[in-house]
Amino acid sequence: MLQSQNTVCRLCSACCPVKVESKNGRLLRATRKSVYPELARPCPKLTAAAEIIYAPERLQLPLIRKNRKSASFSPISWEQAYDFAATQMLQLKEESGAQSVAWLRGMAADWGVPWDYANRLMHAFGSPNTIGNGSVCHVAREMANIYTCGAMPAANPQKSECILVWGKNDLDTAPGAGEAILAALARGAKLIVVDPVRTELAERADVWLPIRPAHDALLAMALIHEIISKKLYDQKFIETYGLGFKELKKTAANFSASQIAAECWLKPAEIEAAARLYATTKPACLIEGNGLDMQLETFQATRAVSMLRALTGNLDRPGGDLIPHPLKLRNLQLRERLPQNVRAITAAYPLFDNFHETWGRHAQSALIDSILEEKPYPVRGLIVQSGNPAVTMTDSGRVRKALKKLDFLMVIDLFQTKTCDFADLILPAASCFEETQLNRAYTRNNPCILQNQVVEAYGQSRPDWQIIFELARYLGLKEEFPWKDVEEALDYQLAPSGLNVAKLREHPEGLRAEALRYEKYREDGFATPSGKIEFYCERLKQAGFDPVPLANKKWQNPLSFSRELDDDALVAISGPRLNTFTHTQFRQIEALRRPENEAVIEISAAEARARKLHEGQMVTLQTPRGEVSMPLRISSRARPGIVIIAWGWGEVEEHLNLNNLTDDKRRDPVTATPANRGFMCHIVN
Ligand SMILES: Nc1nc2c(c(=O)[nH]1)N[C@H]1C(S)=C(S)[C@@H](COP(=O)(O)OP(=O)(O)OC[C@H]3O[C@@H](n4cnc5c(=O)[nH]c(N)nc54)[C@H](O)[C@@H]3O)O[C@H]1N2
Ligand SMILES: Nc1nc2c(c(=O)[nH]1)N[C@H]1C(S)=C(S)[C@@H](COP(=O)(O)OP(=O)(O)OC[C@H]3O[C@@H](n4cnc5c(=O)[nH]c(N)nc54)[C@H](O)[C@@H]3O)O[C@H]1N2
Ligand code: SF4
Ligand SMILES: [Mo]
């Protein structure tokens, strides 16, 4: 039977509302529902949805490694798989304590309820070690925003007159948000872009600041200084709602545009123009992105950036940056069940571990410290769900060593990835169209839209929720997972919000639990300890960090290997994400492989001339950690001094693995963030 149903696509984290046509439980095609159909561009991943979910390489059955010396796997039944997994986990628990088993989450299963279920299972089992990859993604930025204004604001470009895009490439990574920017530009809104790469948005910007990678903290402080010294800030708002403005003003005075411009590869006049345009055009919103992540100064850089919204009085005003209304949900994580005396492997980053009730632990690199260096104790068993750490984690050589050392590794995925090379057991997961779930994008902000199962699970694959609920039974944790299916579990979790699965299904356009309100701070204050915007943060001071960004820090080049490599080195950055792929995924899909999106290293024409390199030749990049080799592309997107390296190709060939180059020794002291994105490297040819 032909059917047309609504759901949310989760082939990448943009979580677009989509319509799916299916026949006899099989997906035929899917299309995005855009608010701006005239501006919408098709998403190639979604267009290829049927090819992705019915790819011949897709896992259909649980697989067990024949023996530790063998590279081949044999199919087994789900019962045998759960039994084997539970036996391994319980044996490790008996020998070394439950904490010797960790659960590592990649981004693909979402940070909504699937994250809660994994945490619940591990907490009930007795291990505090459910670890997400938020130290290299947006969770570190969430924390910085929460420390400043109590929440991660959501930009409202729909009503903005000026949009400041900082290290974000929405046209390729979040098309709904990208279209909202295009619509604003079409009605005359101004655009400022901070990005070292000439992206499509940078090309369209009124002011483009092609910043030297990882120098964002300096630029943010210079913008703050410019706005304060030229009296462009919202004095009334700051007097009423700000804490520590004087201290911020004093620190920012050390970072005037003329003092820092050269260090940031910018001109003072450009910085001044950006500050004036942003602060004098009302309302203005600020869209920050992954360009700010994966820096050694991610936390303080983002804190400084987040202060711009408050200084200009744009917080929680239409067209500014809205403080979200998260849905009221039951906290399912059972963290209170953990024995008091067990420390998490991420304990060296206590502020990051505890900044939020349900974000949990995200200092991803601490997992590798634990396995290899046994700090603070050894993790011996690992479950990897919806992630491909052998390729996506920092310093792949070190990660591979750690995966090899484990006594037990189980991977839950749709495909047999490079990470599976180290696995004892592989469980086939259902895709986003084959499972019902509630994604974080729709619980942190109203309106709430349900991701709906619209087709049957492929082969014997099972949804993530089902795998966790069933594994729980084999671990003797049936009471903690009493629900007969995900819908019952979702209804239980949604109860405080007044919503439930049935109501959400009836409203595919989404439902609000509360009416949209602006300027909520007038009644509620901000969710910081002082109830104010904390330009100065006592909690950070107490923990030994700068209470105002860069207050005591002597600025040093934060790019990895800047001390080890000579002047001939270039700044390498991970290429902006392509709209055809999600990280390491989908390279096996024929329809998504085109000559223009293959793995390449991009440099400017000037740089190629100076180094006598030509288009198409193979080049090798080297850092003290390792090498990658790819064909060279001479590109107008790259400025001199920079190499842009295609991201995610390590799944195809080891010599294409960008994380062979990255360094995990130096990290942001608050969030454990390594410099995956900006680091020095040599071209060796
Ligand atoms: N050098 C460098 N390193 C980086 C980055 C970079 O730009 N440069 N980016 C970083 C960022 S922001 C991130 S988020 C990470 C991403 O790191 P990962 O999360 O490891 O990335 P993916 O390659 O998307 O891996 C997701 C895996 O989940 C599987 N999968 C998809 N859907 C499901 C599902 O519903 N259930 C289950 N169980 N599995 C599923 C996919 O097949 C895939 O193998 O990489 C980080 N690492
Ligand atoms: N198609 C697709 N969509 C995705 C994903 C995907 O893999 N593919 N991944 C999802 C995930 S997990 C994430 S985290 C988001 C990321 O979404 P975005 O934040 O939009 O991510 P990127 O395109 O990686 O990077 C944004 C921009 O930051 C710039 N940049 C690089 N280094 C710096 C720097 O040092 N400073 C500044 N200011 N800018 C810099 C890059 O040039 C790029 O244009 O996308 C999500 N959506
Ligand atoms: S952008 Fe991402 S979430 Fe949206 S339709 Fe494409 S793959 Fe799906
Ligand atoms: Mo990410």
Side-chain angles (χ1 to χ4, degrees), residues 8-18 30-34 41-49 52-53 55 57-59 104-111 114 118 132-139 170 172-178 289-291 293-294 364 383-396 411-420 427-435 437 439 441 451 461-465 467-468 572-577 579-588 645 647-648 650-651 657-662 674-679:
V8 167
C9 172
R10 190 65 184 69
L11 292 177
C12 84
S13 53
C15 292
C16 302
V18 295
T31 37
R32 265 185 66 233
K33 295 189 269 179
S34 174
R41 303 172 187 192
C43 166
K45 302 183 285 312
L46 188 70
T47 308
I52 292 171
I53 71 171
E57 296 86 353
R58 178 112 184 250
L59 288 165
L104 178 68
R105 273 288 314 270
M107 63 94 225
D110 200 82
W111 304 112
N133 68 3
S135 52
V136 296
C137 191
H138 60 105
V139 185
D170 277 329
D172 288 324
T173 59
N290 203 231
D293 303 330
M294 295 178 260
Q364 198 187 28
I383 293 107
V384 173
Q385 180 200 7
S386 64
N388 190 5
V391 185
T392 56
M393 274 181 80
T394 317
D395 189 352
S396 294
V411 177
I412 310 172
D413 205 298
L414 274 67
F415 291 94
Q416 196 166 337
T417 62
K418 284 270 187 283
T419 300
C420 295
L427 302 184
S431 77
C432 57
F433 303 106
E434 301 160 344
E435 64 187 344
Q437 74 178 29
N439 297 304
Q451 180 186 312
S461 68
R462 292 189 180 173
D464 288 283
W465 67 263
I467 295 173
I468 293 177
I573 64 173
S574 309
R577 318 224 180 286
N579 70 357
T580 37
F581 305 118
T582 301
H583 304 294
T584 68
Q585 301 181 58
F586 313 142
R587 301 308 192 286
Q588 68 278 61
I645 313 172
W647 165 234
E651 181 57 20
N657 184 354
L658 165 51
N659 277 319
N660 284 339
L661 300 173
T662 50
N676 280 4
R677 259 210 124 117
F679 53 90

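Hydrogens, waters and symmetry mates play no part in the numbers below; they use all other heavy atoms, side chains included. As the structure lists them, so they are numbered: ligands from 1, and atoms in each ligand from 1.
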*Interfacing atoms of ligand 1 (cut-off 4.0 Å, heavy-atom, Leu414)*: 30 (N), 31 (C), 32 (N), 33 (C), 34 (C), 39 (N), 40 (C)
*To the nearest 0.5 angstrom, please state how far the OG1 atom of Thr394 sits from the CG atom of Leu661.*
12.0 Å
_For atom 46 (C) of ligand 1, the option (of Thr392, Asp110, Leu104) bearing the nearest heavy atom_ = Thr392
_Using side-chain heavy atoms (C-beta onward) and a distance below 4.5 Å, is Ile52 in contact with Leu414?_
no
*Hey, is Asn290 touching ligand 1 through its side chain, its backbone, both or neither, going by heavy atoms under 4.0 Å?*
side chain
_So, regarding Asn676 and ligand 1 (criterion: nitrogen or oxygen to nitrogen or oxygen, under 3.5 Å), is there a contact or not?_
yes
*Under the side-chain contact (heavy atoms from CB on, under 4.5 Å) criterion, do Ser574 and Ile645 qualify, and how do the steps go?*
CA-CA 5 Å; Ser574 309; Ile645 313 172; over 6 Å; no
*asked:* Please list, in number order, the atoms of ligand 1 under 4.0 Å from a heavy atom of Gln585.
replied: 22 (P), 24 (O), 26 (C), 31 (C), 41 (C), 42 (O), 43 (C)
*asked:* Under 4.0 Å, counting heavy atoms only: does Met393 come that close to any atom of ligand 1?
replied: no
*asked:* As an exercise, identify every atom of ligand 1 less than 4.0 angstrom from a heavy atom of Thr584.
replied: 22 (P), 23 (O)
*So, Lys45 side chain and Asn579 main chain: donor-acceptor pair closer than 3.5 Å or not?*
yes
*Kindly indicate whether the side chain of Ser386, heavy atoms from C-beta on, has any atom under 4.5 Å from the side chain of Arg105.*
yes
_Heavy-atom pair with the smallest gap, counting every atom of Ile467 and Pro428_ = CD1-O, 4.0 Å
*Would you check whether Ile412 has a nitrogen or oxygen atom less than 3.5 angstrom from a nitrogen or oxygen atom of ligand 1?*
yes
*Any chance the side chains of Arg577 and Asn290 put a donor and an acceptor closer than 3.5 Å?*
yes
*Do Asn388 and Lys418 have side chains that get closer than 4.5 Å, going by heavy atoms?*
yes
_Any atom of ligand 1 sitting under 4.0 Å from a heavy atom of Met294?_
yes
*Report yes if some N/O of Ser574 lies less than 3.5 Å from some N/O of ligand 1; otherwise report no.*
yes
*Compute the shortest N/O to N/O distance between Met107 and ligand 1 and return yes if it is under 3.5 Å, no if not.*
yes
*So which heavy atom on Pro389 is nearest to which on Val384, and how close?*
CD-CG1, 3.7 Å
_As an exercise, identify every atom of ligand 1 less than 4.0 angstrom from a heavy atom of Cys137._
12 (S), 14 (S)
_Close side-chain approach of Asp464 to Glu435, heavy-atom, < 4.5 Å_ = yes
*Should Thr662 and Asp395 be marked as a side chain to side chain donor-acceptor pair (under 3.5 Å) after you check the CA-CA gap, both sets of side-chain angles, and the distance that decides it?*
CA-CA 5 Å; Thr662 50; Asp395 189 352; over 6 Å; no
*Does a donor on one side chain and an acceptor on the other come within less than 3.5 Å for Gln451 and Asn439?*
yes
_For atom 37 (C) of ligand 1, tell me which residue out of Ser386, Gly132, Gly291, Pro114 has the closest non-hydrogen atom._
Ser386
_atom 38 (N) of ligand 1 - nearest protein heavy atom and its distance_ = Asp464 OD1, 2.8 Å
*Would you say Glu434 and Arg462 make side-chain contact, with heavy atoms under 4.5 Å?*
no
_Just to confirm my output: which protein heavy-atom neighbour is closest to atom 22 (P) of ligand 1, and how far is it?_
His583 CB, 3.6 Å
*Measuring from the heavy atoms of Ala430, does anything fall under 4.0 Å of ligand 1?*
yes
*Proximal atoms of ligand 1 relative to Ala108 (non-hydrogen, under 4.0 Å)*: 26 (C), 28 (O), 30 (N), 31 (C), 32 (N), 33 (C), 40 (C)
*Stepwise salt bridge (charged side-chain N to carboxylate O under 4.0 Å, His left out) test for Asp293 and Arg677*: CA-CA 8 Å; Asp293 303 330; Arg677 259 210 124 117; over 6 Å; no
*So is Glu651 in contact with ligand 1, going by heavy-atom distances below 4.0 Å?*
no
_Would the distance check show the side chain of Arg58 and the main-chain N or O of Ile53 forming a donor-acceptor pair, the cut-off being under 3.5 Å?_
yes
*asked:* Would Arg677 count as being in polar contact with ligand 1, using the rule that some N or O on each side must be under 3.5 angstrom apart?
replied: no
_At less than 4.0 angstrom from any non-hydrogen atom of Val136, what atoms of ligand 1 do you find?_
12 (S), 46 (C)
*Considering the heavy atoms of Asn133, write down every atom of ligand 1 situated less than 4.0 Å from one of them.*
13 (C), 14 (S), 15 (C), 16 (C), 17 (O), 19 (O)
_What protein heavy atom lies closest to atom 2 (C) of ligand 1? Include the residue and the distance to one decimal._
Trp647 CZ3, 3.5 Å
_Contact check, side chains of Pro175 and Cys16, non-hydrogen atoms, under 4.5 Å_ = yes
_Short of 2.8 Å from atom 4 (Fe) of ligand 3, name each protein N/O/S atom, waters not counted._
Cys16 SG
_Is there a polar contact, in the sense of an N or O pair closer than 3.5 Å, between Ser431 and ligand 1?_
no
_Checking the N or O distance criterion of under 3.5 Å, is ligand 1 in contact with Thr662?_
no
*Looking at Glu435, which atoms of ligand 1 are within less than 4.0 Å of one of its heavy atoms?*
35 (O)
*Would you check if there is a donor-acceptor pair between the side chains of Gln437 and Asp110 at a distance under 3.5 Å?*
no
*Hey, does Met393 have a side-chain heavy atom less than 4.5 Å from the side chain of Gln364?*
yes
*Would you say the side-chain atoms of Thr584 pair up with the backbone N or O of Glu651, donor to acceptor, closer than 3.5 Å?*
no
_Give me the residue, atom name and distance of the protein heavy atom closest to atom 7 (O) of ligand 1._
Arg577 NH1, 3.2 Å
*From CA spacing to verdict: side-chain contact (heavy atoms from CB on, under 4.5 Å), Met107, His138*: CA-CA 11 Å; Met107 63 94 225; His138 60 105; over 6 Å; no
_Just to be sure I read this right, does ligand 1 sit under 4.0 Å from the backbone of Ala429, its side chain, both, or neither, counting only heavy atoms?_
side chain
*Can you check whether Asn659 has an N/O within less than 3.5 Å of an N/O in ligand 1?*
yes
*Got an N/O contact under 3.5 Å between Asp413 and ligand 1?*
yes
*Check whether any side-chain heavy atom of Ile573 sits under 4.5 Å from a side-chain heavy atom of Phe679, and report yes or no.*
no
*Of all the non-hydrogen atoms in the protein, which one sits nearest to atom 25 (O) of ligand 1, and at what distance?*
Asn388 N, 3.7 Å
